[in-house]
Enquirer: 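This is the structure, below, for whatever I ask next.
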Amino acid sequence: MQRVVRILRAYWKAIIALTVIGGLAGFAWSAVQPRVYTADASGYVAAVASDGSTGAALAGDQLALSKVKSFVDMGYWRSVAETARDELGLTASPEQLVQRIRVTNPVDTVNVRVDASGATPEAARDLAEAWIKGMSKQVDQLETGGSGQGAVRLVAGDSARLPTAPSSPNVKLDIAIGAIAGAVLGVIFALVRRAFDRRIRRVSDVADVTDTSVIGILPVDKELSGGRAVFSFDDIRDGRGSFAHKEAIRELRTNLQYVDVDHPARIMVVTSPLPGDGKSTTAANLAVSIAATGQSVVLIDADLRRPVLGGLFGFSDDVGLSDVLAGRAQIEQVAHQVDEHAHLFVVAAGRTPPNPSEMVGSQRMQSLARKLAEDLVVVIDSPPTLAVADAAVIASWADGAVLVVTAGRTTDDMLTRASENIAKTRGRLLGIVLNRVPLRGADSGYYGSQYAGYYGYGVARPGRRSSWFGRRRRRAGASSPSGAEHAAATRYPSGGLPPANVSGLRTLSNRAKAGSSAGEAQSEVAVGVASTRVSTGSDIPPRRGRSRDE
């Protein structure tokens with residue numbers, strides 16, 4: 001019953017719409033039907049007493065009761081119809097007149113009631129009166145045999161009253177029947193639609209398809225409805241992003257730590273079945289939330305076909321991972337530090353190579369990720385696994401994969417195929433993230449919004465709508481990029497964040513130098529690399545016409 005109620009809640013709009021349509025259909029049907037009026041006339045069956053004694057009266061009553069049943073059947077005789085037709089001067093046949101008549105006998109009475117219908121109130125009244133008179137004549141002929149006085153007779157009662165309203169069609173009844181039929185049709189539609197609906201909507205739907213557990217439930221966020229956004233996780237009152245969505249990202253971060261406590265994943269690849277499932281946004285916010293705990297994180301855009309992380313963080317996608325793998329740059333030169341605490345670094349995709357799958361699955365890519373994982377948590381944003389094989393290739397050597405699916409969009413066969421693609425390369429699926437789960441309605445499965453008002457978070461305040469990059473810009477000061485660094489940072493794809501949102505970009509080599517000045521050992525990947533950024537001149541042409549995709 002709970003499942004049925006959830007289905008009805010999910011399709012309540014369709015049920016109401018069909019109910020209204022059914023009611024309107026009933027009203028329309030009654031509007032086109034001809035108006036029929038009904039009038040009634042009655043007669044009394046009386047016994048003719050031979051004397052005025054009481055015994056004779058009782059015998060007369062018994063005789064009348066025995067005769068009245070026969071008089072009811074007499075009311076449908078052709079002779080009665082011909083008599084009424086002649087009296088009214090009608091042209092209709094006797095059979096047609098009989099169809100407009102209904103003769104009844106009220107229980108335990110000697111009365112005969114005639115209900116006549118007509119196109120007008122006058123026609124119904126006149127037919128009822130003429131019919132009861134015709135029955136009286138017929139009774140007299142039968143009881144007397146054409147001479148004398150019979151034992152019983154039918155006495156016509158009061159004249160029929162003129163009806164004030166049509167008896168048919170019954171508008172209220174037609175509307176009610178139409179609305180009920182529409183509601184039943186709506187319920188059947190909802191049950192059949194959900195029975196054949198293969199889209200993933202709840203955690204239980206994921207459990208029915210795969211054995212992999214759901215490690216994150218991300219609710220709908222209005223700031224993500226128009227595109228991608230990265231939120232701050234070190235200031236709960238910054239006004240950006242809903243409280244529910246931030247708490248869901250934190251819960252995802254925590255669940256990833258407990259997937260395997262003995263062998264925690266240091267290299268995680270985030271993918272999805274199809275484009276538009278929110279994998280890039282999820283990967284970016286997951287990396288930011290991990291960095292908010294004090295861990296060093298590097299976010300790598302491995303979607304070499306359609307990169308988005310550079311535009312998301314406000315710098316160019318033209319120089320990045322592909323240049324490092326091709327030997328044109330060092331990782332320290334293309335990794336952008338995007339937080340003031342030197343905990344989060346972002347590596348753009350770089351220009352598109354002719355063989356993206358082979359490049360991300362190369363030994364050089366694996367060695368690079370392993371070296372970075374010695375000091376940082378590596379989060380890799382990969383292409384959709386059903387579109388290309390890049391995600392499965394990366395998952396084959398990464399510590400684990402996170403699969404992002406969209407509630408109400410991803411179907412069960414998409415989820416199955418995506419999981420199988422990762423399993424075929426012997427990749428390890430850490431868990432599934434159910435994205436864009438509604439906060440309200442039958443398919444809502446998230447509780448975070450209930451606590452937002454209690455804690456006072458998630459409500460934007462005036463003057464606090466600037467991004468966390470913008471707040472860092474006021475404190476960056478003299479560390480703003482210049483020269484070649486500024487040129488590379490300003491060439492971001494159209495539609496991305498303005499360059500004013502990113503300032504003080506630094507590289508992994510800057511971080512290593514700062515560490516060495518404090519007596520710390522330099523990272524293996526940062527030894528002997530100057531804090532310079534790769535030029536984007538003629539040797540590395542800028543990316544043009546790049547579309548944005550999750």
Enquirer: Would you give the length of the straight line joining atom OG of Ser272 to atom CZ of Arg409, rounded to the nearest 0.5 angstrom?
Expert: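 Separation between the atoms: 8.0 Å.
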
Enquirer: Do Ile180 and Thr19 have side chains that approach each other closer than 4.5 Å (heavy atoms only, starting at C-beta)?
Expert: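 Side chain of Ile180 against side chain of Thr19, heavy atoms only: no contact under 4.5 Å found.
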
Enquirer: Under the criterion salt bridge (Lys or Arg N to Asp or Glu O under 4.0 Å), I'd like the reasoning laid out for Glu420 against Arg417: C-alpha separation, chi angles, the key distance, then a yes or no.
Expert: CA-CA 5 Å; Glu420 290 177 350; Arg417 289 170 54 198; over 6 Å; no

Enquirer: Knowing that exactly one of Val230, Thr281, Asp303, Asp381 qualifies, which makes a side chain to side chain contact (heavy atoms under 4.5 Å, CB included) with Leu309?
Expert: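 Exactly one candidate clears the test, Asp381.
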
Enquirer: Would you mind telling me which of Asp174, Ile175, Asn170 makes a side chain to side chain contact (heavy atoms under 4.5 Å, CB included) with Lys172?
Expert: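 Exactly one option meets the side chain to side chain contact (heavy atoms under 4.5 Å, CB included) with Lys172, and it is Asn170.
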
Enquirer: Does Arg35 have more than 12 heavy atoms from other residues, nucleotides or ligands lying within 6.0 Å of its CZ?
Expert: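 Counting neighbours around CZ of Arg35, more than 12 heavy atoms of other residues, nucleotides or ligands fall under 6.0 Å, so yes.
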
Enquirer: Determine whether a donor-acceptor pair (N or O, by modelled atom type, separation under 3.5 Å) exists between the side chain of Lys279 and the backbone of Pro383.
Expert: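 Not a single qualifying donor-acceptor pair exists.
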
Enquirer: Count the heavy atoms of every other residue, nucleotide or ligand shown that sit under 6.0 Å from CZ of Arg199, and state whether that count exceeds 12.
Expert: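 Atom CZ in Arg199 is crowded, with more than 12 foreign heavy atoms closer than 6.0 Å.
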
Enquirer: side-chain contact (heavy atoms from CB on, under 4.5 Å), that's the test. Do Leu252 and Thr282 meet it? Break it down for me.
Expert: CA-CA 10 Å; Leu252 171 60; Thr282 302; 4.1 Å; yes

Enquirer: How many angstroms lie between atom CD of Glu251 and atom CG of Leu218, to the nearest 0.5 angstrom?
Expert: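 If we round to the nearest 0.5 Å, Glu251:CD and Leu218:CG are 9.0 Å apart.
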
Enquirer: Taking atom types as modelled and ignoring hydrogens, do the side chains of Ser357 and Asp390 form a donor-acceptor contact shorter than 3.5 angstrom?
Expert: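 Present: a donor and an acceptor within the cut-off.
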
Enquirer: Got more than 12 heavy atoms from elsewhere within 6.0 Å of CG, Asp211?
Expert: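 No, not enclosed.
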
Enquirer: Would you indicate whether the side-chain heavy atoms of Leu24 and Trp29 approach each other to under 4.5 Å?
Expert: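 No - every pair of side-chain heavy atoms lies 4.5 Å or more apart.
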
Enquirer: Going by atom types only, do Thr406 and Asp277 share a side-chain donor-acceptor pair under 3.5 Å?
Expert: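 Note: Thr406 and Asp277 side chains meet the donor-acceptor criterion.
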
Enquirer: Is Asp301 reaching over with its side chain to a backbone N or O of Val308, donor-acceptor style, under 3.5 angstrom?
Expert: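 Here the side-chain-to-backbone pair exists.
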
Enquirer: Using the rule salt bridge (Lys or Arg N to Asp or Glu O under 4.0 Å), only one of Arg125, Arg113, Arg161 pairs with Asp40; which is it?
Expert: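 Going through Arg125, Arg113, Arg161 one by one, the salt bridge (Lys or Arg N to Asp or Glu O under 4.0 Å) with Asp40 is satisfied by Arg113 alone.
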
Enquirer: I'd like to know if the side chain of Tyr44 reaches the main chain of Arg153, judged simply by a donor and an acceptor atom lying under 3.5 Å from each other, with no hydrogens or angles considered.
Expert: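 Here the side-chain-to-backbone pair does not exist.
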
Enquirer: Give the C-alpha distance, both sets of side-chain angles, the deciding distance and a yes or no for salt bridge (Lys or Arg N to Asp or Glu O under 4.0 Å) between Glu82 and Arg78.
Expert: CA-CA 6 Å; Glu82 290 176 348; Arg78 181 183 180 89; 3.1 Å; yes

Enquirer: Is the side chain of Asn105 donor-acceptor paired with the backbone N or O of Val112 at a distance under 3.5 Å, no angle test?
Expert: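 Checked: no pair found.
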
Enquirer: Hey, mind stepping through Leu286 and Leu256 against side-chain contact (heavy atoms from CB on, under 4.5 Å) and telling me if it holds?
Expert: CA-CA 10 Å; Leu286 175 61; Leu256 284 172; 3.7 Å; yes

Enquirer: Begin from the C-alpha positions of Val259 and Arg428 and carry the test side-chain contact (heavy atoms from CB on, under 4.5 Å) through to its verdict.
Expert: CA-CA 11 Å; Val259 170; Arg428 178 190 180 195; 3.9 Å; yes

Enquirer: Could you tell me whether a side-chain N or O of Ser382 sits under 3.5 Å from a main-chain N or O of Val270, the two making a donor and an acceptor?
Expert: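 Between the backbone of Val270 and the side chain of Ser382 there is a qualifying donor-acceptor contact (under 3.5 Å).
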
Enquirer: Consider only side-chain N and O atoms of Thr425 and Ser396, and report whether a donor and an acceptor are under 3.5 Å apart.
Expert: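 There is no such pair between these side chains.
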
Enquirer: Measure the CD1-OH distance between Ile7 and Tyr11 for me, rounded to the nearest 0.5 Å.
Expert: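 Ile7 CD1 to Tyr11 OH: 8.0 Å, rounded to 0.5 Å.
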
Enquirer: Any chance you could lay out the side-chain contact (heavy atoms from CB on, under 4.5 Å) test for Thr271 and Val402, step after step, and finish with the verdict?
Expert: CA-CA 6 Å; Thr271 184; Val402 176; over 6 Å; no

